[in-house]
Every structure is written in C-alpha cells, then in structure tokens.
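Computed from heavy atoms alone, side chains included, the values below leave out hydrogens, waters and symmetry copies.
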Amino acid sequence: MIAQALIATKDAEYLYHAGMDWSAGRYREGIADALVRSGNAEYLYYAGRDWPDGRFSSAIAEALSRSGNAFYLYLIGKEWPDWRYREAIAEALVKSGDAHSLYLAGKEWPEGRYREAIVEALVKSGDAHSLYLAGKEWPEGRYREAIVEALVKSGDAYYLYLAGNEWPDGRYHEAIAEALVKSGNAFYLYLAGVEWSDRRYHEAIAEALVRSGDARALYLAGLYWSNGRFNTALLEALIQTGSPRYLYFAGLDWPDVRFSEKITQALIETGDAEYLYLAGRYWRNERFSEEITQALIETGNAQCLYLAGYYWRDERFSPAITQALIKTRGVFELYFAGQDWPDERFSEEITQALIETGNAQCLYLAGRYWRNERFSPAITQALIKTRNAWRLYLAGLDWRDGRFSEEITKALIATGNAKCLYLAGRYWPDERYTDDILHALIKTQNTKYLHLAMQNWPAKRVSAAQAIVDLAGYPSEQTHRSISF
C-alpha cells in the first residue's frame, strides 16, 4: 500500500529515492513506470546513473530522450555506463540544438558516443560563445573548419577577439581578424591591438579603429599599444572626435613620443570648462599652455574658475581668472572664493561683486565665515538692503560681535516677519535683543507666534511683554481674547 501511495504522488524525487534505497522486498516495478511517466529529466538521469541493474530499464533512457533536456542528455553521454547508454540520447541532444550542451558533449563525451552530427548541430546554432569554446578546447579529432566559419559568420566581436587571442595556431584563421575589423567594435579592436601576437595582428585593425571614431578606444590605444602598432592616424582620429574627456586624458597619460600640441589645441577648441580646469590642475608643465587659461576664462564657467583659483599652482594662476569670476556673478563661487582662496589671489573686487549680487544667503555666509581681513561693513549694509528676514535673524544669531550691528535688528523689525521676530526673541543673546522686537511682534497681531512667545521666550522677556500690554493695551481685541498675557 505504501508503494502504491508513493506511485500515486507522481513525485519524481522520491520515486527515484525509492528505486535507489528500498529493499527488493518493498520495491515495485510500478515505481520505475511512474518515474518514466513523470518525464522529470533530472531524476530520470539520476536513476540511470545510480539505480541497480535490476531496476533500470530502457524506458528510462527513452523517456530522457523524449524530454529534450539538453543538459541531462549531455550528462548521460558523459556518465552513464555503456550498457545503459542508447544512441537515441545523441540524436535527442542534436535535435535540441542547445549550443552549450553540444559544446560540452564534443569536449567530454567518450569516443564511442561522439557523433559528427554534434559538430554539425553546434555550427548550425551559430552561438558565438560555444563556437569559441569549441575552437579553444575540443580535441583535434573533433574540431572542424566549419567552427571557425560559423564564428566568423556570427560577427560577434567579443568572441572573435578571444579566438584571435586564445585559439591555437592550427585553428586560427585570417578570417577571424577580417571579421573583427568588419564588426567595427572599437573596444575589441583596441584589445586586439594590445594582446594579439604579431603573427595575428595587422594594420587593418588600426585602420578600423581609426574609422570607428571611438574616443575612449583611441585614447587607450595611445596609452597601451606598442610603438610598432601605434601610428599618427590614431592621434589624428582622437583629435577629430573632439572629446574633451579623452583629449584631457591623452594629455595627462600619453607618453611624450605620442603627445602632440595638437591635443592641447583640440582641447582648447572644445571650450569645455571642466576639462580645461583639470588640464590646468594636473597636466605637466611642458604640456600646459597659457592658452588653456585663456580658454577657461572665455567659458565664463563660475565653478571651474573658482576651482582654478583654489587649486591651480601659482605659475598657472592669472589675475584674469579673478576678473572672469567676478564677471560671471556666480554668487556661490564668489562666496567660496572669499572663503577659500589664498590671500595673494583674493581681491576686494570679489567682495564688491558679491555685494552687488544682493544674494542674502551668501551675504549672511560671508558675514559668518569670512576672515576678518576680508569682511567689510558693506556686507552688513548689503544684507540689510535685501530685507530678507530669515537671513537677518540668522545674522543676529550667528555673526560675531564685531560684525553685528543694531541696524540688523532695525532691518529685521522693519520686515514685520512674525516668525523671525519670534525666533529672535527666543534665541538671540541678551546683548542683541531689544524690546523693539517685542513691540514689532505684538504689532503683527499673529496669534500663533504671540502664543509661542509666551510659551517659549525667556522669563524676563515675557515679563516685559506683560508690562507693555498692561501699559499700552493690546492692539487687537480679537487677539486679546485668543492670547492672554
């Protein structure tokens, strides 16, 4: 009854285990039949490999052939003993057309099982990966010229490159190089120029790389190709790309015998601020030109002008960079120049330019962080002029005593901004707080911040508020009902 119940489950795994482990007195033929009916290639393969002879039957091999599962068909041909293997296995594998399993069969099956139909099916698949592996690993008696022909026909640049790099001489064919050239894949053309032996490399590879116009591959060829393979056509092709990134890297990395002033000129003509700045920062002196400075100035890129002023060495920096930065009116870059630039590069014109932007955030930051010798009272006046309540409040909170003035308090009061008046009353130090802030907050009649002031202001400031209300009366009857001092 247990055997019948197991058979009824149709569970291939436990049917296999029953055939493997059960004693003769408990095993039933129906177990093998049920496993065959399951069609489960994995456990059919295990049964053929592991079951004792008395339990294995041809029906298992036939069921596997019908499954069409290429991987287990390959494993059968590799591992099953001769008396269980059937020719139908090879036929089913060929019929599957699974390139990887066909390749594995050609590599690992014993002589009595391998058939010419396997290589024919592999060639028909056109799978470049498996064709490449077959050309690299199959034994001599099984390799056929049709494999290289099929690989060439695939046009897959990666596996063409690998075949040219790794196949043994007896299997390599000039058609591989020709197909790689025809593919036009710049990266694998570059790799072929780096790694292929002299017997396999030829000038058509360099010519195809030039035609590709791929800046990255051209730069890499200039960096890594041997002198016998590099030529000026590669240099000219890189220049023609107009790629600021790889022109910069060529100027940074290429050896002197390959570098040309044409690279510098081409980079300048791109007008790309980022890579002009990087060239000024990292290129060697003999490759740097003042024309790079001028080109960077002409971009008007505030960020890169600031970075040049911060990072470029003294012999490359020019006061014209300062003037160009000022002209951009790039407010954050002007602020950071005042914060970061060395004294010999800083100019009061930077301060004046920042003031003229009228940007409250950066004026506040300059007042908070700039060194004393760079700060000017004009920054305070410019911040006041913005009437930006939040930045005026922060100035009163954060600026040091030598920079804060009562005019900031007056400007904050003049904004009538209830939130910032409340915050000043809560957080400003005593020497900066005045009752005028309280008067201004009461005048706003903003119930939310009047309530918060009563709840959160220091006690002596709340007491002052009570006194003012008692003497002067509350300005709003509606608000008086909402907030009681």
Where the side chain of [X] meets the backbone of [Y], is there a donor-acceptor pair that is under 3.5 Å apart?
{"X": "R86", "Y": "A61", "value": "no"}
{"X": "W390", "Y": "C420", "value": "no"}
{"X": "R368", "Y": "D398", "value": "no"}
{"X": "W225", "Y": "N231", "value": "no"}
{"X": "R391", "Y": "A360", "value": "no"}
{"X": "W312", "Y": "Y277", "value": "yes"}

What are the two closest non-hydrogen atoms of [X] and [Y], and how far apart are they?
{"X": "G39", "Y": "S67", "answer": "O-CB, 4.3 Å"}
{"X": "A128", "Y": "L151", "answer": "O-CD1, 3.8 Å"}
{"X": "W51", "Y": "M20", "answer": "NE1-N, 3.4 Å"}
{"X": "Q361", "Y": "F332", "answer": "OE1-CZ, 3.5 Å"}
{"X": "I297", "Y": "L305", "answer": "CA-CD2, 4.1 Å"}
{"X": "I147", "Y": "G135", "answer": "CG2-N, 4.2 Å"}

First locate atom [atom1] of [X], then atom [atom2] of [Y], and finally report the distance between them rounded to the nearest 0.5 Å.
{"X": "I205", "Y": "W196", "atom1": "CD1", "atom2": "CH2", "result": "5.0 Å"}
{"X": "E236", "Y": "L234", "atom1": "CD", "atom2": "CG", "result": "10.0 Å"}
{"X": "I89", "Y": "I76", "atom1": "CD1", "atom2": "CD1", "result": "4.0 Å"}
{"X": "L218", "Y": "Y246", "atom1": "CG", "atom2": "OH", "result": "11.0 Å"}
{"X": "W83", "Y": "D53", "atom1": "CH2", "atom2": "CG", "result": "6.5 Å"}
{"X": "L334", "Y": "L325", "atom1": "CG", "atom2": "CG", "result": "4.5 Å"}

Y248 and D272: CA distance, side-chain angles, deciding distance, side chain to side chain contact (heavy atoms under 4.5 Å, CB included) verdict: CA-CA 10 Å; Y248 159 72; D272 188 287; over 6 Å; no

Stepwise side chain to side chain contact (heavy atoms under 4.5 Å, CB included) check, L423 with Y449: CA-CA 9 Å; L423 290 171; Y449 290 108; over 6 Å; no

Could you tell me whether the side chains of [X] and [Y] share a donor-acceptor contact shorter than 3.5 Å?
{"X": "R200", "Y": "N165", "answer": "no"}
{"X": "Y103", "Y": "E137", "answer": "yes"}
{"X": "D253", "Y": "Y219", "answer": "yes"}

ring-ring contact (aromatic ring centres under 6.0 Å, His included) partner of W254, chosen from F259, F230, F249: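 Answer to the ring-ring contact (aromatic ring centres under 6.0 Å, His included) test with W254 among F259, F230, F249: F230.
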
With a 6.0 Å cut-off (strictly less than), is the heavy-atom count around [atom1] of [X], excluding the residue itself, greater than 12?
{"X": "E195", "atom1": "CD", "answer": "yes"}
{"X": "E290", "atom1": "CD", "answer": "no"}
{"X": "R371", "atom1": "CZ", "answer": "yes"}
{"X": "Q323", "atom1": "CD", "answer": "yes"}

Test log, rule side chain to side chain donor-acceptor pair (under 3.5 Å), inputs R258 and N227: CA-CA 9 Å; R258 298 182 183 181; N227 289 334; 2.9 Å; yes

Within the 4.5 Å heavy-atom criterion, are [X] and [Y] side-chain neighbours or not?
{"X": "D98", "Y": "N69", "result": "no"}
{"X": "L160", "Y": "Y188", "result": "no"}
{"X": "E333", "Y": "L307", "result": "no"}
{"X": "L73", "Y": "S101", "result": "no"}
{"X": "Y427", "Y": "Y393", "result": "yes"}
{"X": "L15", "Y": "Y43", "result": "no"}
{"X": "R211", "Y": "V181", "result": "yes"}
{"X": "W370", "Y": "Y335", "result": "yes"}

Run the salt-bridge test on [X] and [Y] with the 4.0 Å N-O cut-off and return the result as yes or no.
{"X": "D50", "Y": "R55", "result": "no"}
{"X": "D340", "Y": "R345", "result": "no"}
{"X": "R171", "Y": "E140", "result": "yes"}
{"X": "R229", "Y": "D198", "result": "yes"}

Aromatic plane relationship, Y114 with W138 - under 30° parallel, 30 to 60° tilted, over 60° perpendicular: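 Judged by the thresholds at 30° and 60°, the geometry between W138 and Y114 is perpendicular.
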
Aromatic ring pairing Y190/Y224, orientation class (parallel under 30°, perpendicular over 60°, tilted between):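 Because their plane-to-plane angle lies in the 30° to 60° range, the rings of Y190 and Y224 count as tilted.
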
From E120, E149, E116, residue fulfilling side-chain hydrogen bond (donor to acceptor under 3.5 Å, both in side chains) relative to R144: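 Of the listed residues E120, E149, E116, the side-chain hydrogen bond (donor to acceptor under 3.5 Å, both in side chains) partner of R144 is E116.
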
Side chain to side chain contact (heavy atoms under 4.5 Å, CB included) assessment of L131 paired with Y159: CA-CA 9 Å; L131 290 162; Y159 291 109; over 6 Å; no

Verdict with supporting geometry, V36 and R66, side chain to side chain contact (heavy atoms under 4.5 Å, CB included): CA-CA 10 Å; V36 166; R66 289 194 301 272; 4.0 Å; yes

